[in-house]
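Because the structure is predicted, anything quoted here is derived from the model rather than measured.
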Amino acid sequence: ITQKNVPLAPDRAPYGSEMIAATATKNRDGYWVLTYDSNVGDILAYRVDGAGVNPVPVISSAIGMTAVGQMQISPDGSTVAMNSVFGTVFDFDNATGRLSNQRDIGSFDISSRFYEKVYKGFGPSFCYSTCFSPNSKLLYLAQQTSKTDQGRETYINRILQFDLMQPTIDDFTNSVEVVYETDNPSKQDGQFSSLMNIGIDQRLWINMDSVLDVIEYPDIRGDGCTYRADVIPVPLSSAVGRGISFPTIINSDLLPAPGQKLCRPPWPELVGDTICEGECITLRVRSRNHATSWSWSAMGSRQETVVGSD
């Protein structure tokens, strides 16, 4: 490193946004680093490769976006998602760094499936975070909204799922599924569900300020994706009074290099509400990559070691 902390686009300062994301170039010989200039409404794509950082960005226009929220690029590098009032997706050319075909998610048509599932009966909505499924076919948004019942307002966190394979933006918008909904008691402190990221285990992790939730099978539509709440406690930061957030993940690095296969680990699941001495419990393996064999040990059980296959 010969230089560091060199500002990019200093002529655009102090404008910018929270949004930043990166993905591999088409030939995997470098990366595109994307960010959003909220003053002009431009998305800037900087190429980073063995020659360093190209200070001249590829510029694409984005209409109606805000400065806050999360930007994500699909693992296959074909789609960019950003949060505005609700959510927006773009096609992305990872050979040139250019975005196109902006599609805003949402509909105020009261007869639409989207309105029925997302807006009807709720107050104003805002989506801060977004994430793609590992197979790049589904998009998730975290919706913050509220309900009023007998004069009492309750703040709600919801996780929405959309099918990117739908042929039109209306079909895409109306493909919405609500995969999770819960009251948000921390709203009194201005805290919402925070960032979502794909993990190296191919699960989708959601930071809910003081705890991590997880979507076990994020490539599956609807309730089959299996949302689990309150999985891992998150230490509170004394500096900000809330849970530590996620770093920016390069989703394309979760895919195998050309000519290699993706190795996804099997995931064992314990079935049964309680385990009591002398009773039987069933162990079941769910594999994301069709494991050919497995083994596990349970010390002290009648059969301590089990070996088998799918």
Visitor: Answer yes or no: is there a donor N or O on one side and an acceptor on the other, between the side chain of Q70 and the main chain of T130, under 3.5 Å?
Guide: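 Yes, the answer is positive, given that a donor and an acceptor are paired below the 3.5 Å cut-off.
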Visitor: Please work out which of the three classes, parallel, tilted or perpendicular, describes the rings of Y227 and Y180, given edges at 30° and 60°.
Guide: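 If you compare the ring of Y180 with that of Y227, the planes turn out parallel.
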Visitor: Tell me whether F92 shares a hydrophobic cluster with Y31, the cluster being built from Ile, Leu, Val, Met, Phe, Trp, Tyr side chains joined at under 4.5 Å.
Guide: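 No; tracing contacts between hydrophobic side chains, which count when under 4.5 Å, never links both residues.
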Visitor: Provide the closest heavy-atom pair for K117 versus V178 in the form atom of the first, atom of the second, distance.
Guide: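 Smallest heavy-atom distance, with atoms named: O-CG2, 4.1 Å.
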Visitor: Should K26 and D93 count as an ion pair when the cut-off is N to O under 4.0 Å?
Guide: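 No, this pair does not count.
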Visitor: Are the side chain of R47 and the backbone of T25 linked by a donor-acceptor contact shorter than 3.5 Å?
Guide: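 Side chain of R47 to backbone of T25: no pair is present.
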Visitor: Check the hydrophobic clustering (I, L, V, M, F, W, Y; side-chain heavy atoms under 4.5 Å; chains of links allowed) and say if I249 and Y128 are grouped together.
Guide: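 Shared cluster, no.
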Visitor: Main chain of S74, side chain of N251: is a donor-acceptor contact present, judged purely on distance under 3.5 Å?
Guide: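 Checking the backbone N and O of S74 against the side chain of N251, no donor-acceptor pair under 3.5 Å is found.
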Visitor: Quick check for you: to the nearest 0.5 Å, what is the distance between R103 atom CZ and L164 atom CG?
Guide: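 Atom-to-atom, R103:CZ and L164:CG are 7.5 Å apart.
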Visitor: For I105 and L141, work out which heavy atoms get closest and say how close.
Guide: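 Taking I105 first and L141 second, the nearest heavy atoms are CD1-CD1, 4.0 Å.
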Visitor: Quick check: does any side chain N or O of R158 sit under 3.5 Å from a backbone N or O of Q143, one acting as donor and the other as acceptor?
Guide: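 Looks like no, no N/O pair under 3.5 Å.
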Visitor: Do S133 and N135 have side-chain N/O donor and acceptor atoms under 3.5 Å apart?
Guide: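 On atom types as modelled, these side chains qualify, holding a pair under 3.5 Å.
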Visitor: Answer yes or no: are there more than 12 heavy-atom neighbours, outside D91 itself, under 6.0 Å from its atom CG?
Guide: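 Above 12, so yes.
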Visitor: Output yes when a side-chain donor or acceptor of W205 lies under 3.5 Å from a complementary backbone atom of L212, and no otherwise.
Guide: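 Checked: no pair found.
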Visitor: Return the CG to CD distance between L139 and Q72, rounded to the nearest 0.5 Å.
Guide: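 Nearest 0.5 Å value for the CG-CD distance: 9.0 Å.
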Visitor: Out of I232, D230, N157, which one pairs with D213 under the side-chain contact (heavy atoms from CB on, under 4.5 Å) rule?
Guide: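 Answer after filtering I232, D230, N157: D230.
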Visitor: If I compare all heavy atoms of W32 with all of A24, which pair ends up nearest, and what's the gap?
Guide: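 Nearest heavy atoms, W32 then A24: CD1-O, 4.5 Å.
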Visitor: Would you compute the distance between atom CG of D219 and atom OG of S136 and round it to the nearest 0.5 angstrom?
Guide: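 Here the rounded value is 8.5 Å.
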Visitor: What's the spacing between I43 CD1 and Q102 CD if we round to 0.5 Å?
Guide: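 These two atoms lie 7.5 Å from each other.
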Visitor: Please evaluate residues S78 and D76 with respect to the criterion side chain to side chain donor-acceptor pair (under 3.5 Å), reporting the C-alpha separation (whole Å), side-chain torsions for both, the decisive distance (0.1 Å), and the verdict.
Guide: CA-CA 6 Å; S78 67; D76 66 4; 2.8 Å; yes
Visitor: When you measure from the side chain of D49 to the backbone of D29, do you find a donor-acceptor pair of N or O atoms at a distance under 3.5 Å?
Guide: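 A pair under 3.5 Å: no.
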Visitor: Ignoring hydrogens and geometry, is there a side-chain-to-backbone donor-acceptor pair from S252 to P75 under 3.5 Å?
Guide: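 Side chain of S252 to backbone of P75, a donor-acceptor pair under 3.5 Å: no, none is there.
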Visitor: Main chain of P247, side chain of N197: is a donor-acceptor contact present, judged purely on distance under 3.5 Å?
Guide: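 Indeed, once roles are kept as given, a pair shorter than 3.5 Å links the two residues.
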Visitor: Closer than 3.5 angstrom, by distance alone: can the side chain of Y140 be matched with the main-chain N or O of P218 as a donor-acceptor pair?
Guide: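 The answer is yes, because a donor-acceptor pair under 3.5 Å joins these two groups.
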Visitor: Please tell me whether L204 and I250 are part of a single hydrophobic cluster in this structure, the criterion being side-chain heavy atoms less than 4.5 Å apart.
Guide: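 No, no single cluster joins them.
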Visitor: How many angstroms lie between atom CD1 of I63 and atom CG of D104, to the nearest 0.5 angstrom?
Guide: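 It is 8.5 Å, given to the nearest 0.5 Å.
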Visitor: Using a 3.5 Å distance criterion without hydrogens, assess whether the side chain of S175 forms a donor-acceptor pair with backbone atoms of F172.
Guide: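 Yes; at least one donor-acceptor contact below 3.5 Å.
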